[in-house]
Structure formats: structure tokens, C-alpha cells
Amino acid sequence: QVQLVDGGGGLVQAGGSLRLFCAASGSIGSIDSMAWDRQAPGKQRELVARVTNSGATYYADSVKGRFTISRDNANNTVYLQMNSLGPEDTALYFCKAERKFPSSIVVLSWGPGTQVTVSS
């Protein structure tokens with residue numbers, strides 16, 4: 001019942017910036033947090049950043065200080081500002097909506113993914 005649309009990826013040179021967006025619709029009341037994952041070819045999908053409904057944030061060590069996740073509650077949209085990009089950031093980025101349960105976090109929905117490619 002939750003639908004996500006993500007985008008904003010593209011091709012940038014090393015050192016450049018991109019801003020990803022993710023718009024949620026449907027049963028947004030069931031969402032406890034929004035997050036961004038990324039997956040590079042041959043690698044496992046990894047959590048990049050998360051923001052909870054209370055505003056708490058999490059960042060992977062590899063992106064701390066470079067990426068910022070933020071919310072636009074009025075438009076049910078989450079952004080990922082990515083600065084100082086390097087080739088290691090090249091991946092398919094997925095937005096996801098999560099719900100917190102006592103012993104687990106369940107993914108409610110995935111966005112289709114948006115490609116980020118950083119050239120050197």
C-alpha cells in the first residue's frame with residue numbers, strides 16, 4: 001500500500017554532487033523510517049542512510065560527512081544530498097520505506113532505483 005518513486009541520479013565527475021529524491025504515497029501512516037540503499041555490480045546491497053519519523057539519522061561510515069538525508073514532510077519526500085562523490089559511490093540507489101517492530105525492521109516498499117555513476 002506504500003508506493004515509492006525515486007530519482008535524481010545521473011552521471012557526474014569525481015568531486016561533484018547529486019541530490020536524490022524519493023516521494024512516498026499510499027499508506028504513509030505505516031512508515032516509521034525512510035532509507036537509501038545502494039548496490040554496485042557484484043556487491044551486496046548496503047544501507048547508506050536512514051531517517052526516522054523522529055528525525056534521527058544514520059549514515060554508513062563510507063558516506064559520513066559527504067551525504068545528508070533529509071525529509072520534506074509536507075510532500076512526503078526524502079532526499080539524499082550527495083557531495084564529494086567518488087567512483088566508489090557508483091551504484092544503483094534504492095529508496096525504501098520501513099516499519100519498526102519490536103525485534104525487527106520490515107521493508108514496506110522499495111523504489112525502482114536510480115543510477116548514480118561517478119567518473120574519474
Side-chain angles (χ1 to χ4, degrees):
Q1 297 182 3
V2 175
Q3 183 178 9
L4 302 177
V5 177
D6 51 31
L11 174 64
V12 297
Q13 295 183 351
S17 299
L18 286 172
R19 185 178 66 178
L20 308 184
F21 63 86
C22 177
S25 61
S27 301
I28 59 175
S30 63
I31 301 173
D32 291 322
S33 60
M34 299 287 290
W36 289 93
D37 283 6
R38 68 184 180 186
Q39 187 168 27
K43 296 185 177 180
Q44 297 184 45
R45 185 158 53 195
E46 65 172 337
L47 175 65
V48 175
R50 170 186 286 121
V51 59
T52 70
N53 288 350
S54 66
T57 57
Y58 163 86
Y59 298 96
D61 288 342
S62 59
V63 306
K64 286 181 179 178
R66 300 188 298 121
F67 291 11
T68 303
I69 189 168
S70 61
R71 304 174 301 168
D72 180 353
N73 293 330
N75 293 294
N76 300 315
T77 302
V78 174
Y79 300 92
L80 185 67
Q81 179 66 45
M82 306 185 295
N83 298 326
S84 301
L85 287 165
E88 68 275 11
D89 298 310
T90 295
L92 187 63
Y93 285 70
F94 298 90
C95 178
K96 63 181 179 181
E98 304 169 328
R99 187 172 185 180
K100 180 69 168 62
F101 289 93
S103 60
S104 64
I105 296 175
V106 173
V107 177
L108 297 174
S109 183
W110 291 96
T114 183
Q115 178 67 38
V116 172
T117 302
V118 185
S119 65
S120 60

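All values below come from the heavy atoms of this structure, side chains included, with hydrogens, waters and symmetry mates left out. Note that the coordinates shown come from a computational prediction; the quantities given were computed from them, not determined experimentally.
Counting only distance, with no hydrogens or angles, the side chain of Arg71 and the backbone of Asn53 share a donor-acceptor pair below 3.5 Å. At distances below 3.5 Å, at least one donor-acceptor pair connects side-chain atoms of Thr77 with backbone N or O atoms of Asn75.
You'll find the side chain of Ser70 stays beyond 4.5 Å of the side chain of Val51, heavy atoms only.
Trp36 does not carry Arg45 over the face of its six-membered ring by the limits of under 6.0 Å from the centre and within 45° of the normal.
Here the closest heavy-atom approach between residue Ala35 and residue Leu47 is recorded as CB-CD1, 3.7 Å.
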Pair Tyr59-Val48, side chain to side chain contact (heavy atoms under 4.5 Å, CB included): steps then yes or no: CA-CA 6 Å; Tyr59 298 96; Val48 175; over 6 Å; no

For Val2 and Ile31, run side chain to side chain contact (heavy atoms under 4.5 Å, CB included): C-alpha distance rounded to whole Å, both residues' side-chain angles, the deciding distance at 0.1 Å, then the answer. CA-CA 8 Å; Val2 175; Ile31 301 173; 3.9 Å; yes

As a quick check of understanding, evaluate salt bridge (Lys or Arg N to Asp or Glu O under 4.0 Å) for Glu98 and Lys100, giving each step before the final call. CA-CA 7 Å; Glu98 304 169 328; Lys100 180 69 168 62; over 6 Å; no

Evaluate side chain to side chain contact (heavy atoms under 4.5 Å, CB included) for Lys96 paired with Asp37, printing each intermediate quantity in order. CA-CA 8 Å; Lys96 63 181 179 181; Asp37 283 6; 3.1 Å; yes

Kindly list each side-chain donor-acceptor pair under 3.5 angstrom involving residues 4-25, sequence neighbours excluded, with atom names and distances?
residue: Asp6; atom: OD1; partner: Gly113; partner atom: N; Å: 3.0
residue: Asp6; atom: OD2; partner: Cys95; partner atom: N; Å: 3.1
residue: Asp6; atom: OD2; partner: Gly113; partner atom: N; Å: 3.3
residue: Ser17; atom: OG; partner: Asn83; partner atom: OD1; Å: 2.8

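The salt bridge (Lys or Arg N to Asp or Glu O under 4.0 Å) pairs that include a residue from residues 53-64 are Asp61-Lys64, where partners are two or more places apart or lie in different chains. The list of salt bridge (Lys or Arg N to Asp or Glu O under 4.0 Å) pairs with a residue in residues 111-120, not counting sequence neighbours, is empty.
With sequence neighbours excluded, the residues that form a side-chain contact (heavy atoms from CB on, under 4.5 Å) with Lys43 are Ala40. With sequence neighbours left out, Leu92 forms a side-chain contact (heavy atoms from CB on, under 4.5 Å) with Phe94, Gln115. For Ala56, the side-chain contact (heavy atoms from CB on, under 4.5 Å) partners two or more places apart in sequence, or in a different chain, are Thr52, Ser54.
The structure places OG1 of Thr117 at 11.0 Å from CG of Asp89, a figure rounded to the nearest 0.5 Å. We find the CG-CD1 distance between Asp32 and Ile105 to be 9.0 Å, quoted to the nearest 0.5 Å. We find the CZ-OG1 distance between Arg50 and Thr57 to be 11.0 Å, quoted to the nearest 0.5 Å. Atom-to-atom distance recorded for Gln3:CD and Ile28:CD1 is 12.5 Å, nearest 0.5 angstrom. For the atom pair Met82 CE and Tyr93 OH, the distance stands at 5.0 Å (nearest 0.5 Å).
Tyr79 is not connected to Leu85 by any chain of hydrophobic side-chain contacts under 4.5 Å among Ile, Leu, Val, Met, Phe, Trp and Tyr, and they are in different clusters. Residues Val63 and Met34 are members of one and the same hydrophobic cluster, defined by side-chain heavy-atom contacts under 4.5 angstrom among Ile, Leu, Val, Met, Phe, Trp and Tyr.
A donor-acceptor contact closer than 3.5 angstrom links the side chains of Gln1 and Ser27.
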